[in-house]
Amino acid sequence: MFMRIDHVGIACHDLEEKIAFFERTFDLTVVAREVNEEQGVKEAMLHIADGEGGGSYIQLLEPLGPDTPVGKFLAKRGEGVHHVAFGVPDVARALEEIGGKGIRLLDEKPRHGSMGSSIAFLHPKDVGGMLTELVQAPDQGQ
Ligand code: MC0
């Protein structure tokens, strides 16, 4: 079902400061930036490598406000790994399969994600404490 790790999402207070840190420390490059109002984030993708069905990235996330998923996470836990996202060939089909196994779906159907992807989240409490995201790259499943 999973083709690769698409990205690791990291919650931060200051996106620009964290981008500068990752660029100078690990020689990574920002390849996309977006404000995603629906998800309540301002985010940047830093490219690491290319794999089956798409690339892999570090995703830096700054909340648009305190009453958003990342805003609440920061208040409760501070900066750090917020979620892990796995590339799948077909996110709607993956949701059906995973939901059928009793895992709580935070999204019943795919939503808009970074770089034109389709995404959906699984409840962290059902996945060993890890907020899990499914990602279908825009050129998959067409
Ligand atoms: C909350 N919990 C987490 C967690 N967030 N555990 C691991 N990782 C996280 N990120 C835990 C809490 O500690 C709590 O455990 C329990 O889950 C319920 O949390 P809560 O604080 O009561 O509930 P909420 O209201 O904060 O909701 C948490 C939930 C929510 C995960 C359901 O954040 C959500 O629906 N997230 C999916 C959307 C999202 O995160 N969007 C932002 C990234 P205890 O033990 O205290 O009960 S958008 C994105 O990344 C896009 C742009 C993209 O990739 O393209």
Side-chain angles (χ1 to χ4, degrees), residues 1-23 25-26 28-142:
M1 183 185 297
F2 292 165
M3 298 186 292
R4 66 184 192 289
I5 292 178
D6 184 279
H7 65 264
V8 175
I10 298 175
C12 64
H13 292 289
D14 183 336
L15 186 64
E16 298 311 320
E17 186 246 319
K18 217 48 106 206
I19 287 172
F21 170 81
F22 273 83
E23 285 184 335
T25 308
F26 302 119
L28 297 175
T29 304
V30 172
V31 291
R33 285 171 181 261
E34 189 172 330
V35 173
N36 187 326
E37 298 278 353
E38 186 186 31
Q39 296 289 348
V41 293
K42 184 161 89 169
E43 51 99 349
M45 298 293 268
L46 294 96
H47 180 254
I48 295 177
D50 290 313
E52 191 191 348
S56 64
Y57 307 86
I58 291 287
Q59 181 184 58
L60 300 176
L61 299 158
E62 181 188 311
L64 294 178
D67 198 21
T68 60
V70 175
K72 287 198 224 167
F73 178 91
L74 281 173
K76 205 165 175 179
R77 301 182 176 211
E79 293 190 318
V81 175
H82 177 260
H83 65 266
V84 177
F86 297 93
V88 296
D90 182 333
V91 72
R93 179 172 299 185
L95 279 176
E96 214 175 289
E97 262 186 57
I98 295 165
K101 293 176 184 171
I103 307 297
R104 276 172 289 170
L105 310 177
L106 295 172
D107 301 296
E108 292 293 334
K109 55 184 175 54
R111 295 180 193 275
H112 164 75
S114 192
M115 301 190 298
S117 62
S118 298
I119 63 169
F121 286 91
L122 311 178
H123 201 291
K125 289 290 175 191
D126 291 353
V127 193
M130 175 179 76
L131 177 58
T132 303
E133 181 182 335
L134 309 175
V135 181
Q136 179 182 339
D139 54 348
Q140 291 283 303
Q142 287 169 6

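Atoms within a ligand are numbered from 1 in the order they appear, just like the ligands themselves.
The pair Glu38-Arg111 counts as a salt bridge, with a side-chain nitrogen and a carboxylate oxygen less than 4.0 angstrom apart. No salt bridge links Asp107 with Lys109; every basic N to acidic carboxylate O contact stays at or beyond 4.0 Å.
For the pair Cys12/Glu79, a side-chain contact is recorded, criterion being any heavy-atom separation below 4.5 Å from C-beta on. With a 4.5 Å cut-off on side-chain heavy atoms, Phe86 and Val135 do not count as touching. Residues His123 and Leu105 fail the side-chain proximity criterion, which asks for heavy atoms closer than 4.5 Å.
The protein atom (non-hydrogen) at minimum distance from atom 21 (O) of ligand 1 is Lys76 NZ, 3.4 Å. In this structure, atom 29 (C) of ligand 1 lies nearest to the protein heavy atom Leu106 CD1, 4.4 Å. Of all protein heavy atoms, the one closest to atom 49 (C) of ligand 1 is Phe121 CZ, 3.9 Å. Remark: minimum distance from atom 15 (O) of ligand 1 to any protein heavy atom is reached at Lys125 CE, 3.0 Å. Of all protein heavy atoms, the one closest to atom 33 (O) of ligand 1 is Pro69 CB, 3.4 Å. Of all protein heavy atoms, the one lying nearest to atom 41 (N) of ligand 1 is Gln39 OE1, 2.9 Å.
In the vicinity of Gly113, heavy-atom distances shorter than 4.0 Å reach the ligand 1 atoms 55 (O). With ligand atoms numbered from 1 in the order given, ligand 1 contributes 6 (N), 7 (C) to contacts under 4.0 Å with heavy atoms of Gly129. Close approach of ligand 1 to Ile119 is summarised as follows: ligand atoms under 4.0 Å from at least one heavy atom of the residue are 51 (C), 53 (C), 55 (O). Per-residue contacts place Phe73 under 4.0 angstrom from the following atoms of ligand 1 (heavy atoms of the residue considered): 9 (C), 10 (N).
Distance check for atom 1 (C) of ligand 1: every protein heavy atom is found at 4.0 Å or beyond. Remark: atom 19 (O) of ligand 1 lies closer than 4.0 Å to no protein heavy atom. At a distance under 4.0 Å, a protein heavy atom can be found next to atom 51 (C) of ligand 1. Within the 4.0 Å cut-off (strictly below), a protein heavy atom is located near atom 55 (O) of ligand 1. Put simply, atom 35 (O) of ligand 1 has protein non-hydrogen atoms near it, under 4.0 Å away. For atom 39 (C) of ligand 1, a protein non-hydrogen atom is found at a distance below 4.0 Å.
When the options Glu38, Arg77, Gln59, Lys72 are ranked by their closest heavy atom to atom 13 (O) of ligand 1, first place goes to Arg77. In this structure, of His82, Glu34, His83, His7, the residue bringing a heavy atom nearest to atom 10 (N) of ligand 1 is His82.
Counting heavy-atom neighbours within 6.0 Å of Arg93 CZ, excluding the residue itself, gives a total of 12 or less. More than 12 heavy atoms of other residues, nucleotides or ligands lie within 6.0 Å of CG in Asp50, so this atom counts as buried by the packing criterion. Around CD of Glu96, the count of heavy atoms belonging to other residues, nucleotides or ligands within 6.0 Å does not exceed 12.
A distance-only check finds no donor-acceptor pair linking the side chain of Thr68 to the backbone of Pro66 [under 3.5 Å].
Within the 4.0 Å heavy-atom criterion, the part of Pro124 lying near ligand 1 is the side chain and not the backbone.
For the 3.5 Å distance criterion, the side chains of His112 and Glu34 qualify, holding a donor opposite an acceptor. No hydrogens or angles considered: a donor-acceptor pair under 3.5 Å links the side chains of Ser114 and Glu43.
The aromatic rings of His7 and His83 stand perpendicular to each other, their planes meeting at an angle above 60°, with 30° marking the opposite boundary.
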